Amino acid sequence: MAKFLTNREENYSQWYNDLVIKADLAENSAVRGCMVIKPYGYAIWEKIQAELDRLFKATGHVNAYFPLFIPKSFFSKEAAHVEGFAKECAVVTHYRLKNDENGKGIVVDPTAKLEEELIIRPTSETIIWHSYKNWIQSYRDLPILINQWANVVRWEMRTRLFLRTTEFLWQEGHTAHATREEAIEETEKMINVYAGFAENSMALPVIKGYKSETERFAGALDTFAIEALMQDGKALQCGTSHFLGQNFAKAFDVQFTDRTGKLDYVWATSWGVSTRLMGAIIMGHADNHGLVLPPKLAPIQVVIIPIYKNIEQLATLSETANKIKAGLEALGISVKYDDRDNNKPGWKFADYELKGVPVRLAIGPRDLENKTVEVARRDNLTKETIPIDKVNEHIPKLLEDIQANIFNKALNFRKENTFYVDKWDDFLKILDNQGGFIMAHWDGTKETEEKIKEESKATIRCIPFDSPEEDGKCIYSGKPSKRRVLFARSY
RNA sequence: CGGGGUGUAGCGCAGCCCGGUUAGCGCAUCUGGUUUGGGACCAGAGGGUCGCAGGUUCGAAUCCUGCCACCCCGACCA
């Protein structure tokens, strides 16, 4: 078979780039660092959105929308927050263009300078908390459980399609609560929603945990994250949920009267996932033939390909194929019948494999005669022939089976690539050889964390919630430690 | 932003070092025909501001300057 993709083993990042382009998910745009998400890629994002939106609403949240622009002054109200984001903000300074007097096209009109510059949101805490000030007076106004689907801009140095783009799509939840406990509960609830989504829908096992102080969100008291292991042994942060304490309430002076009549600041959380999840799906499951989409997020779950010698034969096949299609659609399965005549079946087989379609049905005269259909599954590339009248029974089970199988495959990969390490030499050796997750002791200090990062390029991905207490010595400093934390090189 | 590389048709590339009439190849596209159970074949056709802007020259894809974009490696990050 001819090579259409760079081999994953040869050059992982080239393979990734090839895949995104060739599977028609996205492409680079005329603007540096910004991508065009193409219909097939966007369809996957829409599936992600739909399921997350359902989960948010099921946990009591509602959607709203806040502006793209944030007055510069808002941004500086929370000290840690501005510190964290200042270096990557796009700024609007003017509101008008004009024709150049020297005939050199269009220029910024210097008389149209804004009184106060506007920041294009890198995240919306500030403008949202400015609104919340007006919305909250009493404990009866709480909690506020709002999510918004939006685009944000972070002026990154180096970008990669889906993993890190200058503009990206995401959702950001911003909640306000009367008590610290309730806000912490919300923060935990949402990291669990994310973890559930990653594992159930994306078929990607994740580790939930706390971020170390240095890795925390700018302005948060605590950040929870889910971390997934990619096939090249690097970690990808897939979602974060932040306990913001009263920091933003204080910065924007949002106080409420509690049950006892006492005035207090509101407690906050924020949480988000982005189009980066697309990258996680790709790097978590895809192979040298292309994408492997989890059935629950695949825009096309089943593709039917006719094999025929002439138009008359195609017409006969189409009759059966359309019946199969209608039957599966009635079961809520998305089916594409590809009867285009410009490509041969072999071409289509390869193309749908590249696009990660979970199940392919091929039907030809031979099948028609035997009342059968050939079923090929994308996850393990096996084929079987089944009677047509068993399709409605077989395919739903098969989709579930594929969903479970790719999850288990990813889980096994993670198990095989998670190492409990106690010696610094082994730590470095593992990172350089195969990568993976490393569970090791850490003395809890910023200094050690920094040194480890410098010398190994690995960071603390998180302190897993379920990491058991055990006495040990820090992998780097040898000082005492109570539990292992999760290290990895990351995206 | 630092180091390295690349930019020529929708895609992948040759030509550039050593300037010279109409800029070439493969894939894709279009037309006609034969095909169709794992990326078909034959014949014909269309498609180019040679990344952009200046400069040198009788003449620039080719030489010079600046800029832009993309890729890889670092620092920053979801």
Side-chain angles (χ1 to χ4, degrees), chain A residues 1-6 11-14 16-18 21-22 24 27-35 84-89 104-105 122-123 151-172 194 211 214-218 223 225-228 235-242 270-280 289-290 305-311 313-314 317 339-354 360-370 372-374 376 381 383 385 453-454 457 459 490-491:
Chain A
M1 193 180 100
K3 264 168 71 175
F4 292 87
L5 278 175
T6 304
N11 185 339
Y12 193 85
S13 42
Q14 192 60 48
Y16 176 84
N17 287 327
D18 281 5
I21 303 289
K22 293 193 174 145
D24 220 19
E27 63 188 26
N28 283 301
S29 70
V31 182
R32 187 217 319 245
C34 294
M35 64 180 164
F85 285 106
K87 292 161 291 182
E88 52 192 44
C89 283
K104 297 211 166 169
T123 179
N151 58 339
V152 289
V153 167
R154 297 184 188 175
W155 215 264
E156 302 287 353
M157 303 289 182
R158 256 182 83 192
T159 59
R160 293 190 67 194
L161 293 171
F162 290 118
L163 297 176
R164 185 176 302 108
T165 46
T166 301
E167 179 193 18
F168 57 95
L169 305 184
W170 78 344
Q171 58 68 218
E172 46 182 329
Y194 287 154
K211 283 288 179 184
T214 46
E215 298 277 333
R216 248 176 232 158
F217 176 74
T223 289
I226 51 170
E227 294 282 336
L236 186 70
Q237 180 176 307
C238 290
T240 47
S241 182
H242 314 292
S270 69
W271 27 274
V273 298
S274 71
T275 33
R276 172 179 267 196
L277 292 181
M278 298 281 296
H289 295 264
I305 295 171
I307 294 152
Y308 56 94
K309 295 211 187 296
N310 51 54
I311 301 294
Q313 213 168 49
L314 175 62
L317 284 166
D339 61 352
R340 290 176 304 171
D341 194 35
N342 52 343
N343 293 115
K344 288 181 53 172
W347 191 94
K348 292 177 185 174
F349 291 173
D351 193 50
Y352 289 105
E353 273 164 20
L354 184 61
R360 181 185 72 230
L361 302 180
I363 180 163
R366 212 160 67 203
D367 294 298
L368 226 45
E369 209 172 295
N370 303 328
T372 59
V373 62
E374 184 190 82
L381 297 166
K383 290 190 274 199
T385 299
K453 187 178 174 182
E454 254 172 52
K457 289 175 198 151
T459 50
S490 74
Y491 278 96

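The sequence lines fix the lettering, A, B, ..., with proteins before strands; numbering per chain opens at 1. In this text, all values refer to a predicted model and were calculated from it rather than measured experimentally.
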hbond_proxy [X] side chain to [N] base (donor-acceptor, 3.5 Å cutoff):
{"X": "A:Arg154", "N": "B:rC77", "result": "no"}
{"X": "A:Lys344", "N": "B:rG37", "result": "no"}
{"X": "A:Glu374", "N": "B:rG38", "result": "no"}

Check your understanding: Over how many whole Å does the gap from A:Trp347 atom CH2 to B:rU35 atom C1' extend?
Key ->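 Spelled out: CH2 on A:Trp347 to C1' on B:rU35 is 17 Å.
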
Review point. Starting at CG of A:Asn28 and ending at C1' of B:rG51, how long is that distance when rounded to a whole Å?
Key: 15 Å

Review point. Side chain to side chain donor-acceptor pair (under 3.5 Å) with A:Asn17: which residues, sequence neighbours excluded?
Key: none

Check your understanding: Listed by chain and number, what are the side chain to side chain donor-acceptor pair (under 3.5 Å) partners of A:Tyr308, not counting sequence neighbours?
Key -> A:Asp341

Check your understanding: Taking atom P in both B:rC13 and B:rU6, what distance in whole Å separates the two?
Key -> 12 Å

Review point. When all nucleic acid strands are considered with a 4.0 Å heavy-atom cut-off, which category describes A:Thr166: base, sugar-phosphate, or nothing?
Key: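 The answer is nothing, as A:Thr166 stays clear of every strand by at least 4.0 Å.
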
Check your understanding: Touch check for A:Pro365, heavy atoms < 4.0 angstrom, all strands: base, sugar-phosphate only, or nothing?
Key ->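 It contacts base atoms.
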
Exercise for review: Answer yes or no for A:Arg360 and A:Phe349: cation-pi contact, defined as NZ/CZ to six-membered ring centre under 6.0 Å and angle to ring axis within 45°.
Suggested key: yes

Which nucleotide, [options], lies nearest any side-chain atom of [X]?
{"X": "A:Ala350", "options": "B:rC77, B:rG37, B:rG38", "value": "B:rG38"}
{"X": "A:Lys453", "options": "B:rG74, B:rC77, B:rU35", "value": "B:rC77"}
{"X": "A:Ser13", "options": "B:rC71, B:rG37, B:rC72", "value": "B:rC72"}
{"X": "A:Asn17", "options": "B:rC77, B:rU35, B:rC71", "value": "B:rC71"}

Exercise for review: Searching all strands shown, indicate the nucleotide that pairs with B:rG44 (Watson-Crick or G-U wobble; both distances under 3.5 Å).
Suggested key: B:rC30

Exercise for review: Can you tell me the pairing partner of B:rG7 across any strand shown, Watson-Crick or G-U wobble, with both distances under 3.5 angstrom?
Suggested key: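 Matched B:rG7 with B:rC68 under the 3.5 Å cut-off.
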
Practice item. Answer yes or no: is there a side-chain heavy-atom contact under 4.5 Å between A:Thr123 and A:Arg154? Key: yes

